[in-house]
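Notes follow the structure.
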Amino acid sequence: MSLNEILDQVRDLPPPRILSNKPRFSDRIFRGIVTLGGFTSLLILGLISLFLLYRGFSALRTEGFGFITKYEWVSSINSDGTEGEAASTYGVGAMLVGTIITAIIALLIGAPVAILAAIYLAFYAPIRTRKFLVSVVDLMAAFPSILFGLWGLNVLMDQGIYVAELLNKYLGWIPIFQVPVPVFLRSPFIAGLVLAIMIIPIVTAVSREIFAQTPLDRIQAAYALGATKWAMIKTVAIPYGYSGVVGGAMLGLGRAMGETVAVFTVLNIVYRANFDILLGAGGNLASHIILKFGEASSEEIKALMAAGFVLFLLTLAVNLLADFIVARTGKRGK
Amino acid sequence: MIDKSVREERPVMSEPQKIQPSSLADVAASKFEKQDNVSAAYGSGLDARNIYAWFGKYLAVSDMSIYFAAGTVTALIGPSGCGKSTFIRTLNRMHEFIPGAAMSGEVFLHGKDIYTSGIDVTKIRLKIGMVFQKPNPFPSMSIGENVLAGIKLAQLKVPNKNELMQDCLERAGLWSEVKDRLNQPGGSLSGGQQQRLCIARSLAVNPDVLLMDEPCSALDPGSTLKIEETIGELAKTMAVIIVTHNMQQAARVSDYTAFLLSEGGPGKLIEFAPTREIFGRPKDIRTENYVTGRFG
Ligand SMILES: Nc1ncnc2c1ncn2[C@@H]1O[C@H](COP(=O)(O)OP(=O)(O)OP(=O)(O)O)[C@@H](O)[C@H]1O
Ligand SMILES: [Mg+2]
């Protein structure tokens, strides 16, 4: 115990006063309203996940851990809509594989394009070009996904198939580029391409925002040391923006994982775990849910709810991962 | 009674703040005497001729010509907004980073105009280093890496990086304080140390000219003194140009002083002379008013 502490005990110190403040009535009302607003998203998210868990719980309980590892989704229904004699079995493994594969393809293709675009917009584009392109990017972010899907199906498909054939021809020795039969139409690769285009706006917007905030004094310091523009970007802007860009990419990944309509339109939805990304078959969780939902028996609906819950957990995990990466690397450039 | 005492106190209180021309002249003169035996024959310095600088349509600097000899320290003084920063930034082509900025005139380094078309600006900035008002080390780099940042940025080859690092830190007067913590981030230093780190950083690329825009204005007196010592050392091998609002500092560190004034219009060079003359017997009444604190 230090001398000061002993002295403090001897001295009869007064107890700390309780500091209070009675805000005005109107202030309290406003406070209540914004607090409500602040917690709304949390509340809604909580309610949705609880709902999914509640409705899908029986399916999860029956299938156990197999629900996410099994590559089988069999629902036997009698003509009257009741459960069939042959036992149904539900496992979303194959669609989980599809979700992750298409999202990763999207990220691998989309993120580099988006980051280059962000660097161009933040450091190279003349002011007018920048303003114009930024609003184009924003518009693209708000574009309905069905339109991306239709465009992907009708326009991008041909080019996509061409690229897929080339990949298969020259890089076919890599397992993921092999195909058992040469069906390149509507493959996870092409779905991934469409998803890549869909996530480019969000990743571009977030990255550009971050790059544009690069402190001017650091930029000037680099230039004053004889840096070229690219050298400045490498040593100043990228270390500064790194964590934000990773965060943006993760947002994109999350979006690609949850995408329903575009994948549903482009991909040849077949319930199988397709690791041959150039082969025209596969699906993801969201498209699977929408495909089955219309004609599902009550039992299958429960399983679909559970699948939704799994999707929820997956996106949650991606976002937590993003937070983790951002937090770990955030200090580097700051 | 009370009234009177207050009235009497006021002039007494304001007296020490007033800058005494004679004392500044003494400082400048003593600096000159110390310098006397140092020869100033290094390289060819920097020669700015008829510099005009615009921000869009606004003319900020008008017709400034100054020759900065190698081996000397030149102080740029003048009231706020008179174009000191603008002028100094035309000397290493940093002015053109501001959108809409334009300039006219010539800046000769080793007999060659740095604004000649087709010149590689990055090479110019290697020869004409700059230290900013606010210390700005790269936070993603360690102390050591910061010193060598220019080498990396300009992809220069040096025989011995560690030797260079130590040399630069020693010249910037920082080596003894950081030699055991070279791997710590640059941001972990105090403000004054960070500024000396920035000086070390600009020394690493071996410039012929060093521009300093109010390098001490964010620093405590102790750090300021250290940096002034450093400037004295640096001037042995290069031309140093320092913008300062601190008359004492100008008198202490500089061999020449340029007084700038804008008088409502663009900033102009009013007087350029050896520092002891600027503070001792300025030719222009406006200079005298400024250095004696009667103005600005
Ligand atoms: N980026 C800019 N855009 C437009 N005008 C500018 C810009 N920077 C400076 N100016 C103007 O140019 C003039 C000179 O400014 P400058 O920064 O060179 O002054 P200064 O002498 O360095 O002042 P201080 O001592 O306050 O740093 C001022 O009138 C200022 O308003
Ligand atoms: Mg200034």
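Here is the naming used below: chain letters follow the sequence lines, and residue numbers restart at 1 for every chain.
Taking a 6.0 Å sphere around CD1 of A:Ile127, one finds it holds 12 or fewer heavy atoms contributed by other residues, nucleotides or ligands.
Residue B:Arg201 touches chain A through both its backbone and its side chain, counting heavy-atom pairs closer than 4.5 Å. For chain A, no part of B:Lys123 is nearby; none of its heavy atoms comes within less than 4.5 Å.
Contact count against chain A (heavy-atom pairs under 4.5 Å) is highest for B:Met94 among B:Lys127, B:Met94, B:Met130.
Residues B:Gln195 and B:Ser223 have side chains that never bring a donor and an acceptor to within less than 3.5 angstrom of each other.
Residues that satisfy the ring pair (Phe, Tyr, Trp, His ring centres under 6.0 Å) test with A:Phe148, not counting sequence neighbours, are A:Phe143.
No donor-acceptor pair closer than 3.5 Å links the side chain of B:Lys134 to the backbone N or O of A:Asp217.
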